Amino acid sequence: MIQINLLADNVQAQKPAGMTSRTQAIPVHSPDLDLDLDMDEEPKKKSKLPLILGLGAALAIGGGAAAYFAGQGEEEVALPAATGTKTTKPAKPAETPKAEAAKAPAKDSVKAEAPKPAEVKTEPKAEPKPEPKPEPKVAVKPEVKPEPKAAPAAAGPSVRAAPLPANSLADVLSKSHVSAVSGEKPNRFDALTPAGRTAYQKFAFQRILAILRQITPADGLGFSKVRLASPGLISIQGTATKADALVAFQKGLAAQSLADTSTATGKDATFAVVARLPFNPSFGGMAVPATDVRKALQQAVDLAAPQGLALKASAGRSETVAGAKRTSWTLTGQGGWDAISGWMAGLQSAASPIGFTELVITAGDKGKLQVTVTAVCYGP
Amino acid sequence: MARKPQTAIGLELGARLVTLVAYDIPHRQIQLVAMENAPQGWAQDISLLGEMLRNWLGSLGLEKKTCVFGACISGHDVPLRLVELDAEEDVESALREELSAWSGADGNAFFLNGQNLSKGAHGLPAHLLAALPRARAEALRSAFDAAGYPLSSLGLDAVSVVNAFEKSQPSWQDHLAAVVKVDAPLAQVSWVREGAFAGHAVAVVAAEGEPLEPLSAELLRILKDGEGLCGAVASDCRAVLLCGEQGNDAGLASRLGAQLRADVQAMDAFSHTPFPSLEGNARQIAEISPQCAAALGMALALAEGVAR
């Protein structure tokens, strides 16, 4: 963790050559907080000081007793009994060696007795110290602080963003200049090359799905069918359990520059929304013609698998469109939103020549989404 | 006796948006994320920021006594680079000399931070040099003081996103990666090599119209040329992590991804930090996390500093 604090000068001394570090610290200073307190949750290493002190005390007592016993002979046997009256339990074990000590020589009795008081004294001192510290930290904080109410509301970026006027994105993009590509760019989908069309379809579908995920309210709106059609049409059917949610959704579509938005509501709070992504001549996709459409299809299916989207392809159907041979397939499978988006992104990254004319998402089994895609590819 | 700081508040003071991440230090989890529009022109008149902070932070109900505050500002217009120094030289005076040479101003007019972090272009230990004019730092400190939330730390967003990257993307720690913070019309590239800061570059385009298109072209140039990168070559870059206001723009990611060999993706800054209040809402976390990377990185660094 790199720590810089530009509220003051802080320069570290130079280290020997070749030494690097990931966690460099420039101390954080706060005017009103005691920052020396240990905030680490990890249990602190037990200090050995109490143990050493305890052992020292025991040895001192033992040594003192040894000296005393050595000088007193048998009379000292009564001493442990007298000290044992201070505490009830330790007194008992102290008495057993007493009898033995009476028989044995004085030196031996001292050795047997000495360690016992040491155990009794050191343990209570060493153990309780580290334990009480972490307890209040864990217990107090979560209960006192209520679950942050502001987070879900404040966290939604779509709520904060000022809505763009409809078509503004397309207007601006159509005026922008691209230095990388010379010549005039087509300003209609129809004017694109066949390979350009498939590249645009991937871009448009991915963009629409991203917008849809971004603006859909967390609750109050349920989709039963989402249909995307080339080059950038979307129709959604569903149920709005909260009237505000549908309004917010419509505003979100407009804010994201989806044009020609229209909504129809039906019985039982059902609704249908249609919108269009205006053609964007600067979509930046790579138009790569296919050399082998079968391989292109296989690559598309293979790219879906790692995303958790197992697709099955129907038999291909070939036709001639705009003077080029086009093969189309119907791909079906089940997966989540992430899987579909990830697949789209993967196809774009791999510059796949596959495009889409239609994508339909409905409810599938076990909470998954049923995906039906009409994929197309131009080429031999 | 002062109470223990329980919460590290990381703020990113952007030109358009102020982002806040509250990190619960004892439980090591996100407590709160919030965003608010920044007052227009606050960089010129910092008192506007103080006013906004007082109202906004007050409305969030943060318990001042147990919070420690850190903020980061944009690193695009302040010196932030790696400097190789002779081992015998006095680090501070050498860095101040370098600073004077770059800025053309008196090096003593800056608060200066220097840390041994990585290796420079010649394979020698390099210092990360970060500097900020004293007057600006004092003005920011005063704004927070005036709002009633004393500032403990002031950092740079380009560094904070690297901290967030370190925490959230452990799988890329052993490679060369670029953390790109996109706040159109400017973007900052922070190079990270084997977990250490390895350079910084800035892309700026004209703010007119839709700046993402020319910005992506400028970013491509930086990422391909390895501008600002020390001790490595750009072709070794394995990952480009996008963050900032436009960090999850799919169009930008696809434009960059189509031209680069590296894996281009939006940075999921919260991937290794529990976020209980949004638990289960992975989609929303994924959407906000690129925007919160700098504030999160600030909060994490602050929490680590507190724990030391």
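Because the structure is predicted, anything quoted here is derived from the model rather than measured. Just so we're on the same page: letters track the sequence lines, and every chain starts at 1.
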Check your understanding: Quick one: does B:Arg141's side chain have a donor or acceptor within less than 3.5 Å of a partner on A:Leu7's backbone?
Key -> yes
Practice item. Look up atom CD1 in A:Ile2 and atom OG in B:Ser190, then write down how far apart they are to the nearest 0.5 Å. Key: 8.5 Å
Review point. Side chain, backbone, both or neither: which part of A:Thr216 has a heavy atom under 4.5 Å from chain B?
Key: both
Check your understanding: Counting distance only, does the side-chain N/O of A:Gln3 pair as donor-acceptor with the main-chain N or O of B:Ala301 below 3.5 Å?
Key -> yes
**Study point:** Per-residue contact mode, B:Leu220 against chain A (heavy atom under 4.5 angstrom)
**Key:** neither
Check your understanding: Got a sec: does the CZ of B:Arg261 have more than 12 other heavy atoms crowding it under 6.0 Å?
Key -> no
Point to revise | Region of B:Arg96 in contact with chain A, defined by heavy-atom distances below 4.5 Å | key: side chain
Point to revise | Given B:Val91, B:Leu129, B:Asp90, the one that forms side chain to side chain contact (heavy atoms under 4.5 Å, CB included) with A:Val11 | key: B:Val91
Review point. So, does A:Asn10 use its side chain to make a donor-acceptor pair with the main chain of B:Leu112 at under 3.5 Å?
Key: no
Check your understanding: Is it the side chain or the backbone of B:Leu95 that comes within 4.5 Å of chain A heavy atoms, both, or neither?
Key -> side chain
Exercise for review: Would you indicate whether the side-chain heavy atoms of B:Arg134 and A:Leu6 approach each other to under 4.5 Å?
Suggested key: no
Review point. Is there a donor-acceptor pair closer than 3.5 Å between any side-chain N or O of B:Asn163 and the backbone N or O of A:Met1?
Key: no
Review point. What part of B:Ala131 gets closer than 4.5 Å to chain A, counting heavy atoms only: side chain, backbone, both or neither?
Key: backbone
Point to revise | Approximate separation, where rounding is to 0.5 Å, of B:Leu156 CG and A:Ile4 CD1 | key: 4.0 Å
